[in-house]
Amino acid sequence: MADEKKFELVVCIVNAGYSENVMTAARSAGARGGSIVRGRGSANPESEEFFGVTIQPDKEIVLVLVSADIKDTVLKAIYKNAGLSTEGVGIVFSLPVSRTTFDLP
């Protein structure tokens, strides 16, 4: 369908305790909400050297479904407030969503 709305799933993995920083940034960029999942990292020393940070094992994974037209704005806002150079040491990326069961207004 030509008028079908496109969505992206923005995923941010941050140190435990920093998911609110992610959600505040996402909302400021137009996102409406998200889901927070607790996780545990299993990085090896090479990963820590590659990213140039000490990787803490306790994580929070923030999932935010956004319309494709605001994805870049949301990614940039999250990275600025919770990216690798912050205390949250977050990594953020997006994945295309091929289908949803609803349509955001």
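For this chain, numbers begin at 1 and follow the sequence in order. Quantities reported herein were computed from a predicted structural model and do not represent experimental measurements.
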Enquirer: If you compare all heavy atoms of Gly39 against all heavy atoms of Ile61, which two are closest, and at what distance to 0.1 Å?
Expert: CA-CD1, 3.8 Å
Enquirer: Taking atom OG1 of Thr86 and atom OH of Tyr79, what is their separation to the nearest 0.5 Å?
Expert: 8.0 Å
Enquirer: Within a strict 4.5 Å, meaning less than it, do heavy atoms of the Lys59 and Asn15 side chains meet?
Expert: yes
Enquirer: Pairs under 3.5 angstrom only: tabulate donor-acceptor contacts from the side chains of residues 17-26 to other protein residues two or more places apart or in another chain.
Expert:
unit_1 : atom_1 : unit_2 : atom_2 : d
Tyr18  : OH     : Glu87  : OE1    : 3.0
Ser19  : OG     : Glu60  : OE1    : 2.9
Thr24  : OG1    : Glu20  : O      : 2.9

Enquirer: Between CZ of Phe7 and CG of Leu95, what distance do you get to the nearest 0.5 Å?
Expert: 15.5 Å
Enquirer: Looking at every heavy atom in both Glu8 and Ser94, which two are closest together, and how far apart are they?
Expert: OE1-OG, 3.4 Å
Enquirer: Among Val62, Ile70, Leu65, Val66, whose side-chain contact (heavy atoms from CB on, under 4.5 Å) with Val10 holds?
Expert: Val66
Enquirer: Please report the shortest heavy-atom distance between Val64 and Gly33, naming the atom on each side.
Expert: CG1-O, 3.4 Å
